[in-house]
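What follows is a short report on a single structure.
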Amino acid sequence: MPKTALAQKPRISPIDAQAVLAWYDKHARTLPWRVSPQERALGVRPDPYKVWLSEVMLQQTTVAAVQKYFLRFTELWPTVGDLAAAPLEAVLVEWAGLGYYARARNLHACAQAVVERHGGEFPRTAEGLLTLPGIGAYTSAAIAAIADDERVAVLDGNVERVLARYFAVDVPAREAKEDLRAWLQETVPERAGDYAQALMDLGATICAPRTALCMLCPLQPGCMAAAEGNPERHPVKAEKAARPTRHGHAFVIEDKDGDIYLRTRPAKGLLAKMTETPGSEWVGEKMEPTFPFPGEWRHRGQVVHVFTHFRLELEVWSVLAPNTEPLVDGWWADRGELDGEALPSLFRKVLATAGVE
DNA sequence: GATACGTGGGG
DNA sequence: TCCCCAAGTAT
């Protein structure tokens with residue numbers, strides 16, 4: 001039990017879980033991985049594989065971005081066994097563009113662990129799920145609640161915001177998290193999966209980050225932030241870290257057939273194991289390019305790409321490779337089939353700037 | 001417990 | 001243009 005000052009904060013009105021569920025019965029979003037509350041009431045259960053897949057894809061990622069990836073993955077790999085049997089490289093190709101690529105590597109490792117350690121069935125409890133790669137506190141709870149109605153608190157960013165407003169929490173979300181989780185745990189009803197999804201939908205559509213539509217909210221009656229009149233003041237956000245700029249050069253090397261030279265990035269760090277065009281290091285100061293071999297290098301423009309913790313400016317160069325040049329650490333890719341490569345968005349921008357695709 | 005880790009859309 | 005941010009996890 002949290003013993004922080006926040007834990008002692010008076011909570012005037014408890015969360016009305018039944019009001020939340022009634023709202024969800026009318027306003028649940030329809031999503032490809034979701035079983036509607038009406039279906040659920042008839043005994044339909046979601047496929048734990050699809051719940052897991054969608055939850056991992058949704059980590060720090062918008063619903064809009066996830067949809068087509070989810071449909072593609074379930075088409076290619078309908079079961080966890082299919083995904084486990086696929087080569088990691090194929091999974092990375094399909095994940096390319098979605099970001100946070102450790103998720104894809106952990107996804108594959110998790111699928112293999114489910115097959116090898118659990119006979120191809122996902123563990124049925126949050127505690128069991130938590131031991132698997134890429135599944136943390138949130139995702140384990142979400143899967144257990146949604147797939148099996150385990151009565152566990154499912155606390156994501158949406159729910160944090162809803163609770164921070166309901167109880168007018170004025171400490172940063174990070175500090176408040178364990179208290180919020182304990183408060184939420186007390187309210188989880190029998191329909192634990194619907195409750196979790198209801199609170200997330202509420203946070204996504206009504207109690208949104210910039211705008212709280214309190215007149216539409218089932219929790220408005222007891223909400224302390226709504227009563228204060230400025231719900232968007234919560235949750236209090238921690239100060240953002242500075243985002244430095246790094247600079248570098250990207251080299252788009254073509255052969256006489258128009259094929260493009262690509263290689264695999266290192267196994268650790270940013271964009272690990274993904275495909276890239278060759279290039280320089282990315283450093284704090286602008287440097288002159290050091291080309292991998294002499295030739296008629298053409299400056300094609302600049303790519304600006306914003307990562308979570310730094311902004312990157314790359315100068316893009318292209319060249320026609322001489323036939324004699326020994327390039328050994330990568331491969332030549334057909335320029336018409338780059339969709340089959342595990343190219344992150346950054347390198348798709350680089351190629352586009354060089355006139356490829 | 002801070003930090004590393006992507007991307008695209010909205011205001 | 002720029003800032004914020006979206007269903008977090010691993011180290």
Side-chain angles (χ1 to χ4, degrees), chain A residues 28-29 31-34 46 50-70 92 95-107 109-110 129-147 153-162 172-175 177-178 181 184 193 195-205 207-211 232 235 237-246 265-274 276 282 303-312 342-349:
Chain A
R29 288 179 291 176
L31 299 167
W33 47 84
R34 178 176 279 183
K50 292 183 178 179
V51 175
W52 163 71
L53 180 61
S54 64
E55 289 301 337
V56 173
M57 288 184 166
L58 285 162
Q59 290 167 5
Q60 299 290 283
T61 308
T62 59
V63 166
V66 163
Q67 304 229 25
K68 70 175 192 287
Y69 285 85
F70 176 83
L92 295 180
W95 198 276
L98 196 57
Y100 282 146
Y101 297 99
R103 293 185 295 171
R105 303 190 299 272
N106 285 329
L107 187 84
C110 182
L129 289 158
L130 188 57
T131 67
L132 291 165
I135 297 183
Y138 161 75
T139 304
S140 58
I143 298 170
I146 295 170
V154 179
L155 188 67
D156 76 327
N158 287 307
V159 182
E160 268 183 35
R161 182 172 55 256
V162 171
R174 183 166 247 145
E175 291 175 44
K177 193 161 189 171
E178 287 315 308
R181 192 191 311 285
L184 180 60
Y195 186 59
Q197 293 172 98
L199 288 173
M200 290 191 279
D201 277 18
L202 200 55
T205 65
C207 197
R210 293 171 193 272
T211 314
E232 290 86 356
K237 45 186 179 281
E239 63 275 29
K240 62 233 170 228
R243 181 144 51 197
T245 296
R246 296 185 198 169
R265 289 178 58 80
K268 292 186 183 301
L270 191 68
L271 309 177
K273 298 189 182 182
M274 299 298 286
E276 67 173 359
W282 302 339
V303 162
V304 177
H305 193 76
V306 181
F307 292 106
T308 306
H309 55 299
F310 67 95
R311 164 194 163 93
L312 179 64
L343 282 164
S345 295
L346 167 63
F347 297 108
R348 299 209 178 262
K349 288 187 193 174

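The chains referred to below are lettered A, B, ... by the order of the sequence lines, with proteins before strands, and numbering in each begins at 1.
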In whole Å, what is the span from the [atom1] atom of [X] to the [atom2] atom of [N]?
{"X": "A:Tyr69", "N": "B:dG6", "atom1": "OH", "atom2": "P", "result": "13 Å"}
{"X": "A:Leu271", "N": "B:dT7", "atom1": "CG", "atom2": "C1'", "result": "11 Å"}
{"X": "A:Ile135", "N": "C:dA10", "atom1": "CD1", "atom2": "C1'", "result": "14 Å"}
{"X": "A:Leu343", "N": "B:dT7", "atom1": "CG", "atom2": "C1'", "result": "15 Å"}
{"X": "A:Lys349", "N": "B:dG6", "atom1": "NZ", "atom2": "P", "result": "14 Å"}
{"X": "A:Leu98", "N": "B:dC5", "atom1": "CG", "atom2": "C1'", "result": "13 Å"}
{"X": "A:Leu346", "N": "B:dG6", "atom1": "CG", "atom2": "P", "result": "11 Å"}
{"X": "A:Gln59", "N": "B:dG8", "atom1": "CD", "atom2": "P", "result": "18 Å"}

Sugar-phosphate, base or nothing in reach of [X], heavy atoms under 4.0 Å:
{"X": "A:Arg105", "answer": "nothing"}
{"X": "A:Ala241", "answer": "nothing"}
{"X": "A:Trp33", "answer": "base"}
{"X": "A:Thr139", "answer": "sugar-phosphate"}
{"X": "A:Val66", "answer": "nothing"}
{"X": "A:Val306", "answer": "base"}
{"X": "A:Gly97", "answer": "sugar-phosphate"}
{"X": "A:Ile146", "answer": "nothing"}
{"X": "A:Arg243", "answer": "nothing"}
{"X": "A:Ser345", "answer": "sugar-phosphate"}

Would A:Trp95 and A:Arg105 count as a side-chain contact (heavy atoms from CB on, under 4.5 Å) here? Give the steps. CA-CA 10 Å; A:Trp95 198 276; A:Arg105 303 190 299 272; over 6 Å; no
So, taking the atom named [atom1] in [X] and the one named [atom2] in [Y], what distance separates them when rounded to the nearest 0.5 Å?
{"X": "A:Phe310", "Y": "A:Arg246", "atom1": "CZ", "atom2": "CZ", "result": "4.0 Å"}
{"X": "A:Leu129", "Y": "A:Trp52", "atom1": "CG", "atom2": "CH2", "result": "11.0 Å"}
{"X": "A:Tyr195", "Y": "A:Met200", "atom1": "OH", "atom2": "CE", "result": "12.0 Å"}

Testing C:dA10, B:dG6, C:dG8 for proximity to the side chain of A:Arg103, the answer is B:dG6
Of the nucleotides B:dT7, B:dA2, C:dG8, which one has an atom closest to the side chain of A:Phe307? B:dT7
Flag side-chain contact, heavy atom, 4.5 Å: [X] against [Y]:
{"X": "A:Glu55", "Y": "A:Trp33", "value": "no"}
{"X": "A:Leu98", "Y": "A:Thr61", "value": "yes"}
{"X": "A:Gln197", "Y": "A:Arg34", "value": "yes"}

Short side-chain N/O contact from [X] to OP1 or OP2 of [N], under 4.0 Å:
{"X": "A:Thr61", "N": "B:dT7", "value": "no"}
{"X": "A:Gln60", "N": "C:dG8", "value": "yes"}
{"X": "A:Tyr100", "N": "C:dA10", "value": "no"}
{"X": "A:His305", "N": "B:dG6", "value": "no"}
{"X": "A:His309", "N": "B:dT3", "value": "no"}
{"X": "A:Lys237", "N": "C:dC4", "value": "no"}

Let me spell it out: for each of A:Arg210 and A:Met200, pick the nucleotide of DNA chain C with the closest heavy atom. Which residue's pick is nearer the 5' end? A:Arg210
If you pin A:Val63 and A:Pro133 to their nearest nucleotides in DNA chain C, which one's is more 5'? A:Val63
Nearest-angstrom distance, P atom, B:dG8 to C:dT9: 22 Å
